[in-house]
*Asks:* 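Dropping a structure here in structure tokens format, bear with me for questions.
Predicted, not measured: the structure shown is a model, and the values here were computed from it. We name chains A, B, ... by the order of the sequence lines, and we start the count at 1 in each one.
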There are 2 protein chains.
Amino acid sequence: MKATYREVKADILCRITKGQWAPGSLIPNEVELAESYGCARATVNRAMRELADDGLIERRRKAGTRVRASPVRQARFDIPLVRSEIEDKGAEYRYSLVSRAIDEAPGWLRARLQLGADAQALHLVCMHYANGDPFQHEDRWINLEVLPQARDADFTQTGPNEWLVATIPFSTAEISFSAALADKELADCLACEAGAPVFTIERATWFEGDANTFVRLTYRPGHRMTTRY
Amino acid sequence: MKATYREVKADILCRITKGQWAPGSLIPNEVELAESYGCARATVNRAMRELADDGLIERRRKAGTRVRASPVRQARFDIPLVRSEIEDKGAEYRYSLVSRAIDEAPGWLRARLQLGADAQALHLVCMHYANGDPFQHEDRWINLEVLPQARDADFTQTGPNEWLVATIPFSTAEISFSAALADKELADCLACEAGAPVFTIERATWFEGDANTFVRLTYRPGHRMTTRY
DNA sequence: CGCAGAATATGATCTAGACATAAGCTCTAT
DNA sequence: ATAGAGCTTATGTCTAGATCATATTCTGCG
């Protein structure tokens, strides 16, 4: 009696995992649960809301709450700044600028970021090292229409990521993971064989509707991205 | 006045993105905010709690709430069943069992799942097709100590994933993404060249402390995993 | 029979107030 | 000086009651 929302949540979870409330079946409504747990309805509500967020149950007004037939399994990944990713492992971080150029944005980039016909972009290629070993290759494009200040920023000492985080505190992003082969240039930078399989992250970010940057991050071969849930 | 928790959340977010509340700075406390928004403290609390969940602010009792210096960017990925992943794209799903064997768990698997010395495991290799094209290769091990029923299950018509979801409604999992090269066998199954870069997901799941399954899912070359945040 | 509008059940959210808990502070006794 | 007791403060959680929003079902009219 007098359960906390954590206890209620745990108990409901338990009943689901134990099979007492089968997948697809209807769960008692908030009022009934509140009574049976001897707590307020808001407490049950919070427990249920969190379970719904976690993808375990499905709630619909009037229709009630049911256990999801196939729980939506979702994983959450932290996307850290490379610097912290490396330093958190206890390794020493080093940054280096490989190349810098101001170009017209190529077609694929204009398409991807919905840029105008002759949009100018700053193209940077950088490397991030952990204890002196190549860790991540960064191939970045910055939209100069939206971020003209980038033209004058100095990217020889610190990476564009840190500059961007400081300049644009928050933005929406589209991120995608894939596998690719290291070409000659990448292989040289990452000190691996050309043709090695590499894990790549691509991220495009927008701020108030305008695309500001696109980046392709390529990790040294063997990199894994792990999480628990 | 009389703001909803969504409005409060949006407004706080806005102040942060606009730089009005700088990274690292202290935000007014709940009571003050509730007054200024003309709502109850619980409303502000919910807005702030969600922002904290999203990694935008950091809250500590007594110390107050501050804007995170470098927002923890996190992406959430749904890990769907292959069947729904394929059907959601409007393609026709087909499943096929490649091989089935009961073996002693190999050393790497025992280590990974913390199994005993002579643990028996069911080893399945399956293929999932979208509109007849190879989509995903599944290399799965099921711990027979914990799931002896798997010995008698029929995996020729439906995949082990669906069987497992039905048998064990919920479990904790460790998931990791990486890039690999297709070897000869994989290349044959996925109808691609040996040496093609492939995206792989590995997942180990536990139920009440016991490992029940380990799976390596390999997607056809070119597969991307995308999300927005 | 079919559709528009009313009734209803249920989750979604809000309120005002209370107590719990952690963390920082000050003061006191050793 | 320092360990610890106790105060203060901000967030965390709970309560009981209420209103709102909406999907579903029911009802009556054409």
*Asks:* Checking side chain to side chain contact (heavy atoms under 4.5 Å, CB included) for the pair B:Q149/B:T167: CA distance, chi angles, key distance, verdict?
*Replies:* CA-CA 9 Å; B:Q149 321 95 292; B:T167 308; 3.8 Å; yes
*Asks:* Would a distance-only check, ignoring hydrogens and angles, find a side-chain to backbone donor-acceptor pair under 3.5 Å from A:T227 to A:R76?
*Replies:* yes
*Asks:* Between P on C:dC14 and CG on B:L33, what's the gap in Å once rounded to a whole number?
*Replies:*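 To the nearest whole Å, that distance equals 15 Å.
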*Asks:* Does a side chain donor of either A:T213 or A:R140 reach within less than 3.5 Å of an acceptor in the other side chain?
*Replies:* yes
*Asks:* Is any side-chain N or O of A:T4 closer than 4.0 Å to OP1 or OP2 of D:dC14?
*Replies:* yes
*Asks:* Would you verify whether the NZ or CZ of B:R83 falls within 45 degrees of the ring axis of B:Y93 while also being under 6.0 Å from that six-membered ring's centre?
*Replies:*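 No - B:R83 does not lie over the ring of B:Y93 by the 6.0 Å and 45° rule.
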*Asks:* Check the distance between D:dT22's C1' and A:E58's CD and give it to me in whole angstrom.
*Replies:* 16 Å
*Asks:* Under the rule for side-chain hydrogen bond (donor to acceptor under 3.5 Å, both in side chains), what residues qualify as partners of B:D154, not counting sequence neighbours?
*Replies:* B:T156
*Asks:* Is any side-chain nitrogen or oxygen of A:N29 closer than 4.0 Å to OP1 or OP2 of C:dA9?
*Replies:* no
*Asks:* Does the side chain of A:R59 get closer than 4.0 angstrom to OP1 or OP2 of C:dT10 through an N or O atom?
*Replies:* no
*Asks:* Could you tell me how far apart A:N45 (CG) and D:dT15 (P) are, to the nearest whole angstrom?
*Replies:*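 So the two atoms are 13 Å apart, to the nearest Å.
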*Asks:* Round to a whole Å and report the spacing from CD of B:E30 to C1' of C:dT15.
*Replies:* 15 Å
*Asks:* What is the separation between atom CG on A:L51 and atom P on C:dA12, rounded to the nearest whole Å?
*Replies:*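 Atom CG in A:L51 sits about 12 Å away from atom P in C:dA12.
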*Asks:* Return the value, rounded to whole Å, for the distance between atom CD of B:E50 and atom P of C:dA12.
*Replies:*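 My rounded result for the distance is 12 Å.
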*Asks:* Determine: side-chain N/O of B:T43 to OP1/OP2 of C:dT13, distance under 4.0 Å, yes or no.
*Replies:* no
*Asks:* Rounded to the Å, how far apart are A:M48 CE and C:dT13 C1'?
*Replies:* 15 Å
*Asks:* Considering residues at least two apart in sequence or located in another chain, which fulfil the side-chain hydrogen bond (donor to acceptor under 3.5 Å, both in side chains) criterion with A:D11?
*Replies:*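 Only A:R15, A:Y37 meet the side-chain hydrogen bond (donor to acceptor under 3.5 Å, both in side chains) criterion with A:D11.
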*Asks:* May I ask you to verify if any side-chain N or O of B:R49 is less than 4.0 angstrom from the OP1 or OP2 atom of D:dT11?
*Replies:*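 Checking D:dT11 against B:R49, no side-chain N or O comes under 4.0 Å of OP1 or OP2.
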*Asks:* Generate the contact string for nucleotides 17-25 of chain C. Rules: B means base contact, S means sugar-phosphate contact only, - means no protein heavy atom under 4.0 Å.
*Replies:* -B--BSBS-
*Asks:* Considering the options A:H137, A:Q136, A:H128, which one meets the side chain to side chain donor-acceptor pair (under 3.5 Å) requirement together with A:Y219?
*Replies:*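 When side chain to side chain donor-acceptor pair (under 3.5 Å) is applied between A:Y219 and each of A:H137, A:Q136, A:H128, only A:Q136 qualifies.
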*Asks:* Grab the CZ-C1' distance between B:R6 and D:dC20 for me, whole Å please.
*Replies:* 13 Å
